[in-house]
Amino acid sequence: MSVGLNKNQRRFLMLCGIWGSTWIGTKAGIQVVPPLLFAGTRFTAAGVLLLLCAWMKGEAAVFKVAGCGRFAAVSILMITLCYGPLFWGMQYIDTGTAAVLEMSLTPIALLCFALLLREERLDIRRILAIVLGVSGLIVLFWPSATVGQVVKPEPFARASLWGGLAVASAAFTYGYGSVLARPLLRTYPALFVAGLTTLVGGVALVAAALAFEPGAVSALSGNWGTTAWASWFFLVIFGSLIGYTTYMRLLRDIGASRAGSYAFVSPVIAVALGALFFHEQVTVFDVIGIIVMLSGAYLAMAETPATKPAVMET
């Protein structure tokens with residue numbers, strides 16, 4: 001039941017559920033397919049399908065040449081310069097550290113850029129929500145990032161440092177792109193914005209993979225196996241078509257910092273699915289972190305004022 005929840009809160013919960021479960025598909029896919037190529041082909045395919053849907057609804061005809069520069073910037077920032085460095089950096093740092101860096105910095109970056117570009121105003125509630133969410137993430141992931149880690153020889157000098165910086169940069173490029181996207185969402189339908197940015201960013205990511213990623217060219221044969229292909233289709237349909245479009249609508253209606261608080265709920269979904277499908281243990285630290293993160297997300301989303309969308313959607 002959705003009693004007591006407004007439209008944007010329902011969208012938010014759906015987004016958290018979808019993006020909290022996509023890690024399973026990503027994990028299964030990149031074990032077989034080079035990560036950049038896997039992500040790039042996923043976003044490219046999703047972009048084509050989203051634009052096709054927009055065209056069928058008559059929403060693609062509203063495109064104006066004046067918006068090309070901003071569309072290109074949002075596409076490169078949110079897709080190419082986010083997922084490229086993110087996947088590259090994760091090769092050189094452990095998963096726990098990557099999770100703390102990326103998910104804790106994303107809401108902070110979203111708020112900072114929203115304030116700098118005057119898309120949002122600062123208030124105590126928003127600050128407290130981010131502090132709680134980041135604290136919960138640290139409690140949840142820091143033990144796995146610091147306890148029992150074996151120091152491995154680095155493939156090049158300061159590989160872990162550069163890997164960590166790459167993961168951190170992904171949060172800021174994603175945050176900057178999200179805030180830049182909001183003016184577009186006042187002019188264009190969310191479906192069209194999601195489709196065009198995903199397509200452009202995905203094509204650029206595929207080009208980068210083919211140019212620089214080992215094994216990417218040979219992986220174009222598509223000999224990935226049933227599991228990897230099933231994961232790819234899951235990410236295209238749910239992670240991109242549904243999830244990314246939902247995120248764009250939240251950006252338009254409630255702003256970047258509130259929409260970005262999904263980073264405090266999606267890890268909870270991931271932990272639950274890990275326990276369910278991979279029999280991963282849930283510790284006391286996990287429970288404490290989950291409670292703190294959910295408190296932050298509640299503060300961010302409770303009593304969200306509804307705003308009137310600039311573009312009518314059916």
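For clarity, every value in this text was computed on a predicted model and none was experimentally measured.
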*Audit row: Tyr174, Leu77, side-chain contact (heavy atoms from CB on, under 4.5 Å) steps and yes/no*: CA-CA 6 Å; Tyr174 188 79; Leu77 286 167; over 6 Å; no

*asked:* Please evaluate residues Phe43 and Tyr83 with respect to the criterion ring-ring contact (aromatic ring centres under 6.0 Å, His included), reporting the C-alpha separation (whole Å), side-chain torsions for both, the decisive distance (0.1 Å), and the verdict.
replied: CA-CA 10 Å; Phe43 286 121; Tyr83 288 92; 4.8 Å; yes

*Going through the distances and angles, do Trp232 and Leu235 end up as a side-chain contact (heavy atoms from CB on, under 4.5 Å)?*
CA-CA 5 Å; Trp232 186 87; Leu235 292 171; 5.9 Å; no

*Any chance you could lay out the side-chain contact (heavy atoms from CB on, under 4.5 Å) test for Met78 and Thr197, step after step, and finish with the verdict?*
CA-CA 8 Å; Met78 291 190 70; Thr197 55; 5.9 Å; no

*In sequence, state the C-alpha distance, the side-chain angles, and the governing distance for Gln9 and Leu13, and then conclude on side-chain contact (heavy atoms from CB on, under 4.5 Å).*
CA-CA 6 Å; Gln9 289 169 337; Leu13 291 176; 5.8 Å; no

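Shown here for Ala170 and Cys82, the closest heavy-atom pair between the two residues is CB-O, 3.2 Å. Of all non-hydrogen atoms in Val203 and Thr44, the two that sit nearest each other are N-OG1, 3.3 Å. Annotation for Pro214 and Pro34: closest pair O-CG, 3.9 Å, computed over non-hydrogen atoms. In plain terms, the two heavy atoms of Gly175 and Phe113 that are nearest each other are C-CD1, 3.8 Å. Smallest separation of non-hydrogen atoms from Gly202 and Ile79: N-CG2, 3.8 Å. Across all their heavy atoms, Arg182 and Leu251 have their closest contact at NE-O, 2.9 Å.
Side chain of Glu213 to main chain of Leu37: a donor-acceptor pair is present (N/O by atom type, distance under 3.5 Å, no hydrogens or angles). Listed for the Trp19 side chain is no donor-acceptor partner under 3.5 Å among the backbone atoms of Gly243. When atom types are taken as modelled, the side chain of Arg252 and the backbone of Ala190 share no donor-acceptor pair closer than 3.5 angstrom. Side chain of Trp224 to backbone of Ala230: no donor-acceptor contact under 3.5 angstrom is found. Side chain of Thr198 to backbone of Gly195: no donor-acceptor contact under 3.5 angstrom is found. Put simply, the side chain of Thr80 gets close to the backbone of Gly201: a donor and an acceptor are under 3.5 Å apart. In terms of modelled atom types and a separation under 3.5 Å, the side chain of Ser75 and the main chain of Val200 share no donor-acceptor contact.
Taking CG of Leu15 as the reference point, atom CZ of Arg249 lies at 12.0 Å (rounded to 0.5 Å). Rounding to the nearest 0.5 Å places CZ of Arg42 at 11.0 Å from CD1 of Ile237. Atom OG of Ser169 sits about 8.0 Å away from atom CG of Leu81, to the nearest 0.5 Å. We find the CD1-CZ distance between Ile30 and Phe38 to be 8.0 Å, quoted to the nearest 0.5 Å. Cys53 contributes atom SG, which lies 6.0 Å from atom CG of Leu241 (distance to the nearest 0.5 angstrom). Note that the CG atom of Leu128 and the OG atom of Ser135 stand 9.5 Å from one another [nearest 0.5 Å].
In summary, of the residues considered (Leu49, Val48, Thr41), a side chain to side chain contact (heavy atoms under 4.5 Å, CB included) with Val236 occurs for Leu49 alone. Screening Thr245, Asn6, Thr246, Asp253 against Arg11 for a side chain to side chain donor-acceptor pair (under 3.5 Å) leaves a single residue, Asp253.
Using a 4.5 Å heavy-atom cutoff, the side chains of Val193 and Pro189 are not in contact. Two residues are said to be in side-chain contact when any heavy atoms from C-beta on lie closer than 4.5 Å; Tyr247 and Phe12 fail this criterion. The side-chain heavy atoms of Val32 and Thr227, taken from C-beta on, include no pair separated by under 4.5 Å.
In the hydrophobic clustering of ILVMFWY residues, with side-chain heavy atoms under 4.5 Å counting as a link, Met14 and Ile254 come out together. No continuous path of ILVMFWY side-chain contacts below 4.5 Å connects Trp55 to Leu191, so the two sit in separate hydrophobic clusters. Residues Val179 and Ile127 share a hydrophobic cluster, clusters being chains of Ile/Leu/Val/Met/Phe/Trp/Tyr side chains in contact below 4.5 Å. When hydrophobic clusters are built by joining Ile, Leu, Val, Met, Phe, Trp and Tyr residues whose side-chain heavy atoms come closer than 4.5 Å, directly or via intermediates, Leu52 is not grouped with Phe192. Both Tyr244 and Phe233 are assigned to one and the same hydrophobic cluster, defined by single-linkage of ILVMFWY side chains at heavy-atom distances under 4.5 Å.
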